[in-house]
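Worksheet: one structure, shown below.
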Protein chains: 2
Amino acid sequence: MAEPQLQTQTRADEAFDCLQTAIVKGDLAPGEKIGEVELCSRFNLTRGPLREALGRLESRGLLVRRPHAGVNVVSVSAEELIELYRIREVMEGLAARQAAERMTDEEIRDLQATLDSHEALIEEAQGQAYYQAEGDYDFHHRIATGSRNTKLAQMLLGDLYYMVRMYRYRLSTSAGRPHMALGEHRRIVEAIAQRDGDLAEFLMKRHINAARQNIEKKIQEGVLTI
Amino acid sequence: MAEPQLQTQTRADEAFDCLQTAIVKGDLAPGEKIGEVELCSRFNLTRGPLREALGRLESRGLLVRRPHAGVNVVSVSAEELIELYRIREVMEGLAARQAAERMTDEEIRDLQATLDSHEALIEEAQGQAYYQAEGDYDFHHRIATGSRNTKLAQMLLGDLYYMVRMYRYRLSTSAGRPHMALGEHRRIVEAIAQRDGDLAEFLMKRHINAARQNIEKKIQEGVLTI
DNA sequence: TTATGTCTTATTGTTGACAATCCCTCTGTT
DNA sequence: AACAGAGGGATTGTCAACAATAAGACATAA
């Protein structure tokens with residue numbers, strides 16, 4: 001949560017961050033049409049930097065723009081959300097494998113400590129899906145960077161996670177799921193600690209598969225309306 | 001090679017396309033520092049749309065920008081190129097699996113016909129790595145779109161392929177490789193035609209693995225200096 | 001009443017000028 | 001001769017005004 005050299009950031013970066021978090025948190029609803037001048041007054045910017053930020057967000061798939069017609073927040077259908085998890089499955093599987101091969105012993109210890117704190121978090125804030133989601137994000141974040149695969153981490157952290165988190169904020173996790181997930185996390189870390197890339201990949205894929213099935217069930221139950 | 005509604009494109013789109021192809025073709029060398037005004041005169045643009053395009057390219061990982069210091073074309077190290085192929089392996093494996101499940105019969109016939117034309121192309125232009133590379137790109141392009149997984153296709157076609165092609169243009173393929181690759185392509189399409197998703201994924205992963213090993217060998221031979 | 005065509009208006013796309021920042025060179029010192 | 005510091009210059013970041021386009025409203029006709 002450190003924020004170094006916030007000063008050296010350019011206005012376009014600032015705009016980009018603001019918009020990205022606004023979209024992810026749901027302050028800008030999916031499908032919503034957003035006008036440039038309105039955004040300018042809202043975030044205290046001028047249109048130059050804003051347009052640059054809009055370009056970046058479009059290329060990341062968080063916005064859709066039609067020439068002269070304005071910009072809309074992307075709206076992901078239920079099917080597309082499922083597809084996102086299919087992509088995560090293979091990419092994070094690879095990340096887990098490479099993390100098992102390349103993470104330092106210290107990083108692995110850190111990761112284990114992180115899981116301990118997650119366990120405490122789940123206990124005290126049981127049912128509070130928000131904290132669980134943040135913990136989950138933290139775990140996957142570490143694996144992605146631990147893979148030492150620059151592009152892979154960039155695609156996961158810069159593209160996929162933002163789109164997934166867009167719905168995490170609306171999607172309450174099932175009752176028993178946090179504990180389940182934590183157990184799966186632990187086994188993945190064990191495999192990484194044993195430098196067993198095959199197993200780490202297998203477990204991670206199964207972990208994300210379980211998450212996907214959980215979401216599919218919710219959608220069928222009609223809990224999630226997209 | 002059709003160019004529909006070129007007119008309705010905005011100047012920023014134009015700038016984006018120009019720069020992207022210039023980077024991929026090598027007209028802008030990796031690592032090269034490029035000034036904004038120079039680019040403007042080169043592509044007949046003004047700095048507004050240009051900066052928007054630069055933002056998009058940066059977010060796609062084709063450029064790196066430091067505030068107030070200018071923009072450089074990304075330079076991918078040999079290790080990173082290999083990592084790119086590791087990502088391709090899992091993502092295109094998934095694409096092949098989903099293509100086997102979802103492509104229409106007509107698309108599959110088209111794909112088979114494409115391979116026939118590739119065979120002819122290889123015969124007449126043997127050794128001409130360029131045409132082989134284009135044919136290969138065409139094949140993988142069809143599989144990606146055939147997966148009906150919007151985000152997957154977007155990530156493959158919009159991100160990974162451009163970075164890979166950056167080096168394809170410089171990297172001459174080995175003597176026997178085109179024929180080998182074509183054979184592998186044929187077997188993948190066979191699996192897709194039989195709707196065998198497991199096999200299609202397996203074969204595609206092995207295909208890209210072979211391409212990666214081919215490149216690794218070249219790098220060790222010192223043919224490719226990045 | 002509905003559909004169609006035109007026109008107005010507001011929004012987007014573009015431009016050129018202005019301000020802020022960093023890089024490079026030149027000078028001075030060790 | 002080599003290194004450090006400061007200044008000039010060029011380049012990037014930002015802004016506000018102008019032009020072009022599409023959406024929406026209104027009126028007319030079927």
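Residue numbers start from 1 in every chain, and the chains themselves are labelled A, B, ... in the order their sequence lines are given, proteins ahead of strands.
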Could you check whether any side-chain N or O of [X] sits under 3.5 Å from a backbone N or O of [Y], counting only pairs where one atom can act as donor and the other as acceptor?
X: B:Thr21; Y: B:Asp17; value: yes
X: B:Ser59; Y: B:Gly55; value: no
X: B:Arg102; Y: B:Ser147; value: yes

Round to a whole Å and report the spacing from [atom1] of [X] to [atom2] of [N].
X: B:Asn44; N: C:dT14; atom1: CG; atom2: P; answer: 14 Å
X: B:Leu50; N: C:dT14; atom1: CG; atom2: P; answer: 12 Å
X: B:Gln9; N: D:dT21; atom1: CD; atom2: P; answer: 14 Å
X: A:Glu38; N: C:dA10; atom1: CD; atom2: P; answer: 16 Å
X: B:Glu52; N: C:dT12; atom1: CD; atom2: C1'; answer: 11 Å
X: B:Asp13; N: D:dA20; atom1: CG; atom2: P; answer: 19 Å
X: B:Leu45; N: C:dG13; atom1: CG; atom2: P; answer: 15 Å
X: A:Ile34; N: C:dT11; atom1: CD1; atom2: C1'; answer: 14 Å

(message) To check you understand the geometry: which heavy-atom pair defines the closest contact between B:Tyr162 and B:Leu157, and what is its length?
(response)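 Looking at all heavy atoms of both residues, the closest pair is CE1-O, 3.1 Å.
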
Measuring from the side chain of [X] (C-beta onward, heavy atoms only), which nucleotide among [options] has the closest atom?
X: B:Arg51; options: D:dT14, C:dT14, C:dT12; value: D:dT14
X: A:Pro49; options: D:dT14, D:dT21, D:dA23; value: D:dT14
X: B:His68; options: C:dT12, D:dG13, D:dT14; value: D:dG13
X: A:Ala69; options: D:dA23, D:dT14, C:dG13; value: D:dA23

(message) Is it the case that C:dG16 (base atoms only) and B:Arg47 (side chain only) share a donor and an acceptor within less than 3.5 Å, ignoring hydrogens and angles?
(response) no

(message) Students often get this wrong, so: under 4.0 angstrom with heavy atoms, is A:Gly48 touching a base, only sugar-phosphate, or nothing?
(response) nothing

Think [X] has a side-chain N or O under 4.0 angstrom from the OP1 or OP2 of [N]?
X: A:Thr10; N: D:dT14; result: yes
X: B:Arg66; N: D:dT12; result: no
X: B:Arg65; N: D:dT12; result: no

(request) Measure from NZ or CZ of A:Arg165 to the centre of the six-membered ring of A:Tyr137 and say whether it is under 6.0 Å with the direction within 45° of the ring axis. (result)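 The answer is yes; both the distance and angle limits are met.
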
